[in-house]
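Below is one structure, written out as structure tokens; comments come after it.
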Amino acid sequence: MIFDAHCDALMKLWQDRSLSFRDGRSLHVTFSGMAEAGVKVQCFAIYIPETVPEEARFTAALEMADLFFTRLIDAFPAMKVVRTKRDIASLKEGEIGAMLTLEGCDAIGSNLIKLKTLLRLGVASVGLTWNFPNAVADGAWETRGAGLTAFGRQVIELLNETKRWVDVSHLSERAFWDVIEAACFPIASHSNAHRLCPHRRNLTDEQIGALIEKDGVIGITFVPYFLTDDKRGATVADVLRHLDHICALGGERHVGFGSDFDGITQTVAGLASVRDYARLVDELHRHYSADQVKRFLFDNFYAHLPE
């Protein structure tokens, strides 16, 4: 079983309504692909592209949430909405849990009611920024490097109260440390180790250690330039290098995978879509015990759900 903490299929379906979620060739994540790969839980992000005008972003978020229900849940009886451990545990054989997440709070502006609305629609994890600043915090590409705003702290309080994950992927470093201090349930849905690949989106050893200390979990992502700066591209071996590194820092029970499928144009050699998870699984079994592989692929993210 696989628990994948991040993909952007909703964005692609929103941008091109003609795409088939069953087996669309331009989608990395499809229903048939997940079924073939043995995905048990897939997180589907609401991500609003930067090109969307500010006044239209909340509407776009609602449209993506609607697509989640109409094009995924209603269209495929085997797909079930999940948010909690209980939801996932109740999945029958052959059923796939679909978890709705938010990537960046740009859609809510500075309006907490908008966030409450998305939470009521089932959003289980909230990434505070994409790469740029918003009313909540600064993102990883903002040179100012500020942390949480006063409104951002209200957002964290709400997510703590409602027992939702706070996703630190894409945050500035100062905002990361603010979240570690304030959030009850922090995760990094799709980030890698800065020590192995010094990209600003990756986490330093200190940040990884802090997430482990806070009982969070880190999703190793398949973004090639978060895995290696080798111009020849990334391989499955690079994915395992980052996994090894996080485990060496004490993260064996705090690491999983967040592919970022459909949010990337380049892919890891041998990991071109969700169907290719089997190649990663085979490689994991060559290096780790069956119990460790099970934890990496599914149990660690499942175990760290707040409820």
Side-chain angles (χ1 to χ4, degrees), residues 5-19 26-29 43-68 71 100-115 117-119 121 123 125-149 151-152 155-156 159 165-176 178-179 187-192 197 199-203 219 221-226 258-267:
H6 186 80
C7 84
D8 283 300
L10 288 180
M11 177 191 69
K12 279 193 174 178
L13 291 169
W14 180 78
Q15 290 175 324
D16 185 351
R17 305 301 173 97
S18 70
L19 293 178
S26 62
L27 286 172
H28 295 148
V29 175
C43 293
F44 291 91
I46 295 172
Y47 164 66
I48 312 302
E50 290 294 303
T51 53
V52 176
E54 186 174 341
E55 64 274 12
R57 289 176 183 174
F58 184 63
T59 298
L62 293 178
E63 289 172 351
M64 288 188 202
D66 182 64
L67 287 171
F68 174 80
R71 298 287 302 280
L100 192 60
T101 69
L102 179 64
E103 183 176 24
C105 286
D106 302 70
I108 69 168
S110 56
N111 187 333
L112 214 56
I113 296 299
K114 290 181 178 180
L115 179 57
T117 299
L118 294 174
L119 297 181
L121 288 171
V123 165
S125 176
V126 174
L128 303 184
T129 69
W130 192 58
N131 288 326
F132 303 110
N134 58 27
V136 172
D138 271 7
W141 288 4
E142 172 54 53
T143 56
R144 173 179 54 185
L148 286 174
T149 64
F151 175 66
V155 167
I156 297 291
L159 297 176
W165 275 334
V166 179
D167 187 355
V168 302
S169 291
H170 288 287
L171 283 178
S172 71
E173 187 162 354
R174 182 174 171 187
F176 170 93
D178 285 349
V179 168
I187 67 162
S189 64
H190 58 306
S191 294
N192 292 341
C197 182
H199 192 284
R200 70 183 74 184
R201 268 278 285 104
N202 284 340
L203 300 169
T221 187
F222 305 158
V223 182
Y225 47 90
F226 295 174
S259 65
D260 206 7
F261 279 140
D262 290 308
I264 50 179
T265 53
Q266 298 174 316
T267 56

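Nothing here was measured: the structure is a model prediction, and the numbers come from that model. Along the sequence shown, residues carry numbers from 1.
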Verdict with reasoning, Leu67 to Arg17, per side chain to side chain contact (heavy atoms under 4.5 Å, CB included): CA-CA 9 Å; Leu67 287 171; Arg17 305 301 173 97; 4.2 Å; yes
Residue pair Phe261, Leu27: steps toward the side chain to side chain contact (heavy atoms under 4.5 Å, CB included) verdict: CA-CA 8 Å; Phe261 279 140; Leu27 286 172; over 6 Å; no
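Heavy-atom minimum distance, Asp138 versus Pro133: OD1-CB, 3.2 Å. Considering every non-hydrogen atom in both Ala65 and Leu100, the closest pair reads CB-CD2, 4.4 Å. Nearest approach of Ser191 to Arg201, heavy atoms of both residues: OG-NH1, 3.1 Å.
With hydrogens and angles ignored, the 3.5 Å screen pairs a side-chain donor or acceptor of Asn202 with a backbone N or O of Asn192. For the pair Ser259 (side chain) and Thr221 (backbone), a donor-acceptor distance under 3.5 Å is absent.
Using a 4.5 Å heavy-atom cutoff, the side chains of Tyr47 and Thr101 are not in contact. Val166 is not listed as a side-chain neighbour of Val126, based on a closest heavy-atom distance of 4.5 Å or more. Between Leu128 and Ile156 the shortest side-chain heavy-atom distance falls below 4.5 Å.
Atom CG of Asp178 and atom CG of Leu148 lie 4.5 Å apart (nearest 0.5 Å). One finds the CD1 atom of Ile113 at 11.5 Å from the CG atom of Leu118 (value rounded to the nearest 0.5 Å).
A donor and an acceptor atom, one from each side chain of Glu50 and Trp130, are nowhere located under 3.5 Å apart.
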